[in-house]
Enquirer: 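Attaching a single structure in C-alpha cells format; questions to follow.
First the proteins, then the strands, lettered A, B, ... as listed; each starts at 1.
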There are 4 protein chains.
Amino acid sequence: MESNSNVLPKPLRGIIPPMVTPLLERDTLDVAGLEQLIEHILAGGVHGLFILGTTGEAPSLSFRLRCELTERVCEQVKGRVPVLVGITDTCFVESVKIACKARDAGAEAVVLAPPYYFPAGQGELLEYLEHLTAELPLPLFLYNMPSYTKLVFEPQTVQAAAGITGIVGMKDSSGNMLYFHQLQSLLKEHPGFSLLMGQEELLAEAVLAGAHGGVCGGANLAPRLYVDLYNAACRRELSAVETLQRKVMQISTSIYSVGKYESSYLKGLKCALSCMGICGDFLAEPFHRFRRAERNMIRRHLKELGLMENK
Amino acid sequence: MESNSNVLPKPLRGIIPPMVTPLLERDTLDVAGLEQLIEHILAGGVHGLFILGTTGEAPSLSFRLRCELTERVCEQVKGRVPVLVGITDTCFVESVKIACKARDAGAEAVVLAPPYYFPAGQGELLEYLEHLTAELPLPLFLYNMPSYTKLVFEPQTVQAAAGITGIVGMKDSSGNMLYFHQLQSLLKEHPGFSLLMGQEELLAEAVLAGAHGGVCGGANLAPRLYVDLYNAACRRELSAVETLQRKVMQISTSIYSVGKYESSYLKGLKCALSCMGICGDFLAEPFHRFRRAERNMIRRHLKELGLMENK
Amino acid sequence: MESNSNVLPKPLRGIIPPMVTPLLERDTLDVAGLEQLIEHILAGGVHGLFILGTTGEAPSLSFRLRCELTERVCEQVKGRVPVLVGITDTCFVESVKIACKARDAGAEAVVLAPPYYFPAGQGELLEYLEHLTAELPLPLFLYNMPSYTKLVFEPQTVQAAAGITGIVGMKDSSGNMLYFHQLQSLLKEHPGFSLLMGQEELLAEAVLAGAHGGVCGGANLAPRLYVDLYNAACRRELSAVETLQRKVMQISTSIYSVGKYESSYLKGLKCALSCMGICGDFLAEPFHRFRRAERNMIRRHLKELGLMENK
Amino acid sequence: MESNSNVLPKPLRGIIPPMVTPLLERDTLDVAGLEQLIEHILAGGVHGLFILGTTGEAPSLSFRLRCELTERVCEQVKGRVPVLVGITDTCFVESVKIACKARDAGAEAVVLAPPYYFPAGQGELLEYLEHLTAELPLPLFLYNMPSYTKLVFEPQTVQAAAGITGIVGMKDSSGNMLYFHQLQSLLKEHPGFSLLMGQEELLAEAVLAGAHGGVCGGANLAPRLYVDLYNAACRRELSAVETLQRKVMQISTSIYSVGKYESSYLKGLKCALSCMGICGDFLAEPFHRFRRAERNMIRRHLKELGLMENK
C-alpha cells in the first residue's frame, strides 16, 4: 500500500458522494463546472468523494478524459477528504492502468464493479479479485451493481474478498436490503471492512442497521441533507431521521422520476445541477440531456424542494 | 467511405468466422498461434474474417492489444478476404479510435454491438448510431447480442438503421429465429443490407430462409464444414444440409457443452484449438482455461468428430 | 391406457390448432360460435385439435367451464380428428381431475405445462411427471412454455420423460430453435415421440429439420394455410414453403401485432375471428377485447390478407 | 361488506403469520397437526392469521382442500384473531368462489396476488381489481409477490386501488424497500390502508419507517419473536430491535438456507415444524420434503436457535 492510503480511515465512514462528471462535449470536461461542483459538495461536510462511478458516467468516458478528471479532482480536493476513483473495466489491464493513474494523482482508494460483459462465475470472480488486488497500488472497494453489470457479488464471495489484503470495503447499489443484512451477518468478523449503501433512499435504515455510510447521488445537489441524515441515523435520533428521509424521498420521486427513462436518475441529476447554475447538463453518449419540457419540470421540483430560488 | 470498402461485396455473403484471439499472457498475443489460426481458417474457403467480437474476447483485451491484433491480422490476410473489426465499446470516443486503427491497418469494415453498460432507449440507440456512423472511416455492421449487452436492436431500429449511409449489415446472435424472420420481412427494401446469422446451429435454416451467411465460431476449428453447409443451403441441397447440420449440432453439444459454465463455448473452443495444435488456450480474465479433466473430454470429443487424429 | 388412445397415431403428426375458447361472458361459452369455429378449423384439413392451451385461455377459465368445453368439443368432433385437452394446473390433483373428465368425454390425449407458481427444480419436475403420469387415463404431451410458466423443461428432462410410459410427445413454444435442435438430437432413440412446434413462424424450418408438426394459433383463422405449409415442408417443396411462409409472417406481423400489449396475439386472434363472423371476441379476465380503433386495424389487415371480403 | 368485516381493525396492524398448510398426503389435511399449529401460533400473541398464501402452498392445493382448510381454521380460531384467506387464482370466477367460502366459514378478509399466468398490463390489472372487488363478500388485501407472479402492482396502481371501496391493505413480498418507501409516500392520503411487510428480514425497518405490521413466515415457528420485534419497533426501542433482528437473521440464514433450492424456505419451515413435533412435513407437488441429511441440519439449527431442546 502506498502512503496515500494512510489517510483512509478503516472502516471508511460517512457520506461519499458519487460525483457527476461535468462535460462540455463528448470528450471535453467542463473545467469551471467541475471546480464549482467540487466546492459545492465539499461545503456540505461530506466524508469523501467518489469519482468515475455509474453516476459519473465512467463507462461512457474515454481513458484520456478519465485520467484528466482524476488529476483535476485530486488537485482541487487537496486532501480535504479522501478521493475514491472508479476503475471498473471489462479489461483487467485497463483497470490496473487507471488505478496507477489514480495513485499518481494522489487518490486514496479505487472502486471496482465486476467486469460487465462476460458472465463470470463466482469462483472466477473471486480469482479475478485476487489477481487484480495483487497489481493495485491503492486499497480497493467493491461495487455491487447487478442491474448494470448483470453479475452480483454473492454474499459468500464478499465474505471471502473481505479476507484479501487490500480490499477494504463495499458499496452496495443492489437496492436489496435482504442481501445487505446478509452481508452484515457475514462480515461481523471484519470490523475494518466498510459497508456503504449505494441507494440513497435506503441510507437511513442501512445506517440504523449498522452500515458505515452511503454513496448518495443526491449529495451532488444537496450534500448537507445526506450528511445530516447520516448523522441523525448514527445518533439514532429517529424523529430527525424521519423528517430528513421524507426529503430524500421527495428528491427521489421528483428529480429522478421525470419521464419514463431508465436513465431518468442521471438525466434529472445533471439537469438539476445545470438549473442550479453549478455545472452543465451535457451527457455522454448514448444519452442526451433533457429537453425544455422536462427541464421545466426539474426546475419546478427544485423550487418545491427549496433547492432553487423561487423567482 | 475509404477505398478499403471497395472490396466489400454488397451484400456481404458467406461464412465470416469470429476469430478467437490467441494469447500467451494477459496482455501478450500468441503471434505464432495467430498465424497458424489465420491460415487454418482461410484454408477452409471462408468469405471473410471477423476479429474482436465476443468469441475474440474483445471486451477483455486492452486497447493496445486490440490495435496490435488488428494490424497483424490485416497484414497476414493481405486482402485474401475482407477483415471485419469489432469496435464495440461503452465509450463512443474509444469506438471511433479503434475504427480508425482498423482503417489504417487495412480492414474492410467494422462491427458494433450497442454500448453495454447504460440502458439506452431505442431512440437513443438510433441517434447514437447516426452520430457514430458520421465519424466512422469504414462501413459498419450491427451486432445484436442481447444476452451480453442487455440491449436489443429492436426490428424497427434495424429497419431505420438500414437507411443510414454507412451501415451495411447485421450479425444477429440473439438465437431468436422469430426476431430474425421479422428482420427479413422489414429489410426487404434494403437488398444490399447483409443479414448474417450469429448462432451456427441456426445457420442452415437462416440461409434457407434467405440470410446472406453466418458468423460461426466453430469455423475456427472446422472452417470447411461451415462453408460446405452454407453452400449446400444456398443450393438448396437438403440432404447435404441435413448431414452437415448433424455435424454442426455434434460440435455444439460436445465441444461447447463441457461443464456447467455459461462460458463453456469459449473455453471449449480455445481448448479444442490448443488440442489440435493450432494455438494456445490462455483466456483473458475473468476466465481461465479448462483444467485436465475437461481438456480430456474435449480431446475425446475432437476424436469422435474426426477433428483430431486418434492416436 | 384407455381405448381412446388407440386412435392416436405414434408419433402424432401434422397441424393441431390450439383452439380459441369462444365466450359470451366471464363464465359462459359461446356455444354457437364454438360449433362454427370447430367446423371452420376441421374444414381446413387439420390433423388434430388442441383445446385448453394458452390460446384457449385455459388458466383464466373455471373448472366447470373447462369441463363443459371439453364435452362439447368431443361431441362435435366425433372422432374426425384426435382431441387433445390441456390439463395444466398448479395443483396436481386438479390436473388429474380434468384429465379424467377429458377421458370421459372421449378425448384422445392430454397436454401439460409445468406447474407455474412454485419454481420446481428439474429433478422435482421429472418426479412430478412420473407421479402424474401414473394417475393419468390418457397419453400425455408435454408443453414447454417458459415465458408464461417461468420453468423450462430442460433437454435432459425431456429425454428422461420420453422414456416414461404414457408420455408421447411435446409441444415446444419456447421459440428457441437452438433448444429445439438439441431436443431433436437427444430424442433420436425415441422415434414414436412426437415433437411439435408451438411457434407458427418457425413451423416450416422445424418440419424441414424433422419436427412432426405444429400447434399453430393462426390455424383458428386460416387452417388450410398451415396445413399447406406443413405438407410443402414434408415434401421439401422449398419454393412453396417460401411463398406460404411469407403469408404466415404477414399474419404474425399484422394480426398479432396491433398495439403494444404482450397479449396482442390473443386479442388479435379473437378479434379477427369475430370480424370474420366465426365467434365472439369476449376475453376472460384479466384481458379485455380490442376497442374500435384496434378492431378497425384488424379488419384492414384481414382484408389485405384476403381473409375477409373487401366490402 | 359483511358483518365479519366489523372485527377487522382499520388499518390492520401487527404480526399476521402466513400459515403453513399441514398435510398428510397430496389431498389430505393433517388435522391434528393443524390444531397444534394454530394453537402454537396464537399462543405467541399474533394479531391475525393468514391462510392459503405462498407459505400455505395454496396454488398446489385442490379447491376442495382449500375449502376444508378454511372451515377448520375459522372454526378453531373462533374469532380470537381475524382470519385472512388467500383467494389468488388465475381464474376470476374461482377467486370469487373461494372468497364466498371464506365468508361462509367466518373469515374476516381475503388476500389476492395478481393472476399469474397471463401478463396483464397495469391498466388491465386495475380494471380486474375493480371488477373483482365488486363481487367479493369480504374486504381485500393486495399481495405483491412479483418473483412468483411475474406481475408487480406498480406504485400508481396501488395508489389507485387504495381508492376502491373494499380494498383495505397490501402485503408486499417484493423485498424491494425502495418500492416500499414509494408506496408509503403515495399512500399518505389513505390512513386506513394497511401496509404490511411480507419479508420478515425487513420487518423491523419497515415498521420503523411506518409500516403497520408484517406477514412473517417464521412466526409459524417462533411467533413470539416476531411479535416482540414488532412491538419493539413500534416503541422505537432500537437496542431491543437490534437484538431481535439478529435472531430473525439467524433463522433466515440457517432454517431457510439449507440446500441450494429456490424452495429452501418452504422446505426448511415445514421440516422445522416437524422436528419441533408441531405438524408433519409433507409438501404438495411439485415439492418433496427434506431427506435425512437436510433434516439433520435443520435439527441442529433449531437447537442453536433454542427452538428445540438439546437432547
Enquirer: Is the backbone N or O of D/Arg289 less than 3.5 Å from a side-chain atom of D/Lys270, with the two atoms forming a donor-acceptor pair by type?
Expert: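 Checking the backbone N and O of D/Arg289 against the side chain of D/Lys270, no donor-acceptor pair under 3.5 Å is found.
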Enquirer: Could you look at C/Thr88 and say if it's the side chain, the backbone, both or neither that has a heavy atom under 4.5 Å from chain D?
Expert: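 Neither part; nothing is under 4.5 Å.
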Enquirer: Have C/Tyr265 and C/Thr55 got a donor and an acceptor in their side chains that come within less than 3.5 Å?
Expert: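 Short answer, yes.
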Enquirer: Can you pull out the residues in residues 89-97 of chain C with any heavy atom less than 4.5 Å from chain D?
Expert: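 Hits under 4.5 Å: C/Thr90, C/Cys91, C/Phe92, C/Val93, C/Glu94.
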Enquirer: Do any N or O atoms from the side chain of D/Gln159 and from the backbone of D/Leu183 form a donor-acceptor pair under 3.5 angstrom?
Expert: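 A pair under 3.5 Å: no.
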Enquirer: Can a donor-acceptor pair be found between the side chains of C/Tyr148 and C/Ser173 at a distance below 3.5 Å?
Expert: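 C/Tyr148 vs C/Ser173: no donor-acceptor pair found between side chains.
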Enquirer: Verify side-chain contact (heavy atoms from CB on, under 4.5 Å) between D/Leu283 and D/His288, making sure each step is shown before the conclusion.
Expert: CA-CA 5 Å; D/Leu283 283 121; D/His288 53 64; 6.0 Å; no
Enquirer: Go through it in stages, so that I can follow the logic: the residues are C/Glu135 and C/Arg103, the test is salt bridge (charged side-chain N to carboxylate O under 4.0 Å, His left out), and I'd like the CA-CA distance, side-chain angles, deciding distance and then a yes or no.
Expert: CA-CA 12 Å; C/Glu135 315 261 327; C/Arg103 189 260 329 262; over 6 Å; no
Enquirer: Does C/Asn296 use its side chain to pair, donor to acceptor, with the backbone of C/Ala293 at less than 3.5 Å?
Expert: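 Not at all, since once roles are kept as given, no pair shorter than 3.5 Å links the two residues.
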Enquirer: Check for a donor-acceptor pair, side chain of D/Thr70 on one end and backbone N or O of D/Arg66 on the other, with a separation under 3.5 Å.
Expert: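 Yes: the side chain of D/Thr70 pairs with the backbone of D/Arg66.
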Enquirer: Assess the side chains of C/Tyr256 and C/Glu200: does a donor N or O sit below 3.5 Å from an acceptor N or O?
Expert: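 Checked: C/Tyr256/C/Glu200 side chains pair up, N/O donor to acceptor below 3.5 Å.
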Enquirer: With a 4.0 Å cut-off on N to O distance, would you call C/Arg26 and C/Glu57 a salt bridge?
Expert: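 Looking at C/Arg26 and C/Glu57, the cut-off is not met.
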Enquirer: I'd like to know whether C/Arg295 forms a salt bridge (charged side-chain N to carboxylate O under 4.0 Å, His left out) with C/Asp281, so could you lay out the CA-CA distance, the side-chain angles of the two residues, the decisive distance to 0.1 Å, and finally the verdict.
Expert: CA-CA 10 Å; C/Arg295 187 175 176 95; C/Asp281 62 351; 3.2 Å; yes
Enquirer: As an exercise: rank D/Pro59, D/Ser60, D/Ser263, D/Ala58 by heavy-atom pairs under 4.5 Å with chain C and give me the winner.
Expert: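 Looking at each of D/Pro59, D/Ser60, D/Ser263, D/Ala58 in turn, D/Pro59 comes out on top.
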Enquirer: Between D/Asp27, D/Leu266, D/Leu129, D/Thr54, which shows the greatest number of heavy-atom pairs under 4.5 Å with chain C?
Expert: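 Counting heavy-atom pairs under 4.5 Å, the top option is D/Thr54.
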Enquirer: Among residues 110-120 of chain C, which ones touch chain D with a heavy-atom distance under 4.5 Å?
Expert: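 Counting heavy atoms that sit under 4.5 Å from chain D, the residues of residues 110-120 of chain C involved are C/Pro115, C/Tyr116, C/Tyr117, C/Phe118, C/Pro119, C/Ala120.
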Enquirer: In terms of heavy-atom pairs under 4.5 Å with chain D, which of C/Thr149, C/Leu125, C/Leu61, C/Leu132 leads?
Expert: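 Looking at each option in turn, the highest pair count goes to C/Leu61.
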